[in-house]
There are 2 protein chains.
Amino acid sequence: MLTIGKLSETTGVKVPTIRYYEQIGLLPEPERSTGNQRLYGKAVQERLSFIRHSRDLGFPLEAIRELLGLSDDPNRSCAAADEIARRQLGEVNARLSRLLALRGELERMLVQCSHGTIADCRVIEVLGNHDHCAHDHHGEPVTAL
Amino acid sequence: MLTIGKLSETTGVKVPTIRYYEQIGLLPEPERSTGNQRLYGKAVQERLSFIRHSRDLGFPLEAIRELLGLSDDPNRSCAAADEIARRQLGEVNARLSRLLALRGELERMLVQCSHGTIADCRVIEVLGNHDHCAHDHHGEPVTAL
DNA sequence: CTTGCAGCTATAGTTGCTAGAGCAATTAGG
DNA sequence: CCTAATTGCTCTAGCAACTATAGCTGCAAG
C-alpha cells in the first residue's frame, strides 16, 4: 500500500493532481489509514499511469474518462477506443498544420526586423496589419492544445 | 465612432472579448454615448486588430501587453519586440516537435489496433504502459498551446 | 520528545475567454 | 408614434486542467 506521496513518485503525477483526479471521479476514493491518509494499491497505480500517459499524448480528460469506461468493460468492441484515438490524431494533425503556418509567419517577421527603433519595427508593424501575412492560415484562434 | 458590435464585426473579435480586454486593461476605457454605450474610434480599432493578430499567432496576452507598451513608446529599440517574437518562435518550435512525436505514437497505436474486443485492444494497452512507446519524447506535460 | 516533513481539507487563483441573467437603449417595421 | 426585435449594459458564474495557499493533523527519525 502506497501513500499519496509514493504514488506521486512512482507515476510522476503531482500530489494535488492525484487528489484532483479523485475529486472529479477519474480515480476511485481510496482506502484510508487509521490517521485518515489515502492508501493506494497496484490497480490504482496502473490506472493513474494510464491517465498520465494519455494526458501526455494530449487526450483531454473527458476522452480519458471514456477510455477508462471502455477498459472497465472488456467485452465491448475495440472500435470505440480506436475511434477516440483516431479523433485525437485528427486534432493533432490540425494543430500541426496551424503551428507550421504560424512558425513561417514568425520567422518572416524576425527576418525582416531591421533592429532599428520601434518606429520602423517590422515585428510591430506586421502584428498590426493582417495584410502583411504571406497567407492567412492563422484565421482560427489558437485555443487549447 | 463605432459601437461595440460594429467594432466586433470589423475586427473579428467577439463583443464579450472586447469588454474582457477592456476589463484587463488591454484596451482603454472608451467614450460613452448619452445612453452609456461604448463608442470607439479608429485608434482602438487598430489596437484591437493588433491584439487579434498577435493572439492568432499564439502570443499570450501578457506578451501582447508588453508589445503594446513598446509600441506606445516609439523611440525605444526594436530589440525588445524582436526578443518577444523570438521567444514565441521558440515555443512554437517546442510545441511542434512534441506534436510530431505524439502523432507518431498515435499512428503506431492505430496501426496495431486489431479491431477485436477491448480485452486485446492495443490502444488501451499502449496507453496503459509507457514501455510500448517507440521513444519517450512525451515526457513533459502537454500544457497550454 | 520534539522537530520537521508529509498529509489533510477547503478555497481561491491561473489563462483566455464564453454564457447566462436581468435589465436599458436603440433601430426597424407597420 | 408605437411596438417588437435587436443590441447594448453590468454582474456573476463557468470552462479545462490544474496550481497554490492557509491552517490544520499525522507520523517517523534523531
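A note on names: the letters A, B, ... follow the listed sequences, proteins ahead of strands, and every chain is numbered from 1. All values derive from a computational prediction rather than experimental measurement.
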With 3.5 Å as the limit, what N/O pairs link the protein to nucleotides 1-11 of chain C?
unit_1	atom_1	unit_2	atom_2	d
C:dG7	OP1	A:Thr3	OG1	3.1
C:dG7	OP1	A:Gly5	N	2.7
C:dC8	OP1	A:Arg38	N	2.8
C:dC8	OP1	A:Arg38	NH1	3.0
C:dC8	OP2	A:Arg19	NH1	2.4
C:dC8	OP2	A:Arg38	NH1	3.4
C:dC8	O5'	A:Arg38	NH1	3.4
C:dC8	O3'	A:Arg32	NH1	3.4
C:dT9	OP1	A:Arg32	NH1	3.4
C:dT9	OP1	A:Arg32	NH2	3.1
C:dT9	OP2	A:Arg38	NH1	2.9
C:dT9	OP2	A:Arg38	NH2	2.8

Practice task
State the CD-CG distance between B:Gln45 and B:Leu48, to the nearest 0.5 angstrom.
Solution key: 8.5 Å
Practice task
Check every atom of D:dA17, C:dT26, C:dC17 against the side chain of B:Leu61 and return the nucleotide holding the closest atom.
Solution key: C:dC17
Completion exercise
To the nearest angstrom, the CG-C1' distance between A:Leu26 and D:dC18 comes to 12 Å
Completion exercise
Heavy-atom nearest pair, A:Leu26 first then A:Arg47, reads O-NE, 3.0 Å
Exercise for the section: Indicate whether OP1 or OP2 belonging to D:dT19 is found under 4.0 Å from a side-chain N or O atom of A:Thr17. Expected result: yes
Practice task
Return the value, rounded to whole Å, for the distance between atom CD of B:Glu62 and atom C1' of C:dC17.
Solution key: 15 Å
Completion exercise
From the list A:Glu22, A:Glu31, A:Glu29, side chain to side chain donor-acceptor pair (under 3.5 Å) partner of A:Arg38 resolves to A:Glu22
Practice task
Using a strict 4.0 Å threshold on nitrogen-to-oxygen distance, state whether B:Arg65 and B:Glu62 make a salt bridge.
Solution key: yes
Practice task
Mind calculating the distance between CZ (A:Arg65) and C1' (D:dC15) to the nearest angstrom?
Solution key: 14 Å
Handout entry: Residues A:Glu46, A:Lys42: salt bridge by 4.0 Å N-O rule
Key = yes
Handout entry: Contact under 4.0 Å: B:Lys14 side-chain N or O vs C:dT18 OP1/OP2
Key = yes
Problem - Length of the line joining B:Leu27:CG and C:dC17:P, which is rounded to integer Å - result: 12 Å
Handout entry: Whole angstrom value for the distance that separates C1' of D:dT10 from OH of B:Tyr20
Key = 17 Å
Exercise for the section: Could you pull out the closest heavy-atom pair between B:Gln88 and B:Pro60, with the gap in Å? Expected result: OE1-CD, 3.7 Å
Exercise for the section: Would you classify B:Phe59 as touching base, sugar-phosphate or nothing, given that sugar-phosphate means primed atoms plus P, OP1 and OP2, and contacts are heavy atoms under 4.0 Å? Expected result: nothing
Practice task
Kindly give the heavy-atom pair with the smallest separation between B:Ile64 and B:Phe59, and that separation in Å.
Solution key: CD1-O, 3.7 Å
Exercise for the section: Could you state the atom-to-atom distance from CE of B:Met1 to P of C:dT26 in whole Å? Expected result: 16 Å
Exercise for the section: Return the value, rounded to whole Å, for the distance between atom CD1 of B:Ile24 and atom P of C:dT14. Expected result: 12 Å
Exercise for the section: Report the distance from atom CD1 of B:Ile18 to atom C1' of C:dT18, rounded to the nearest whole Å. Expected result: 14 Å
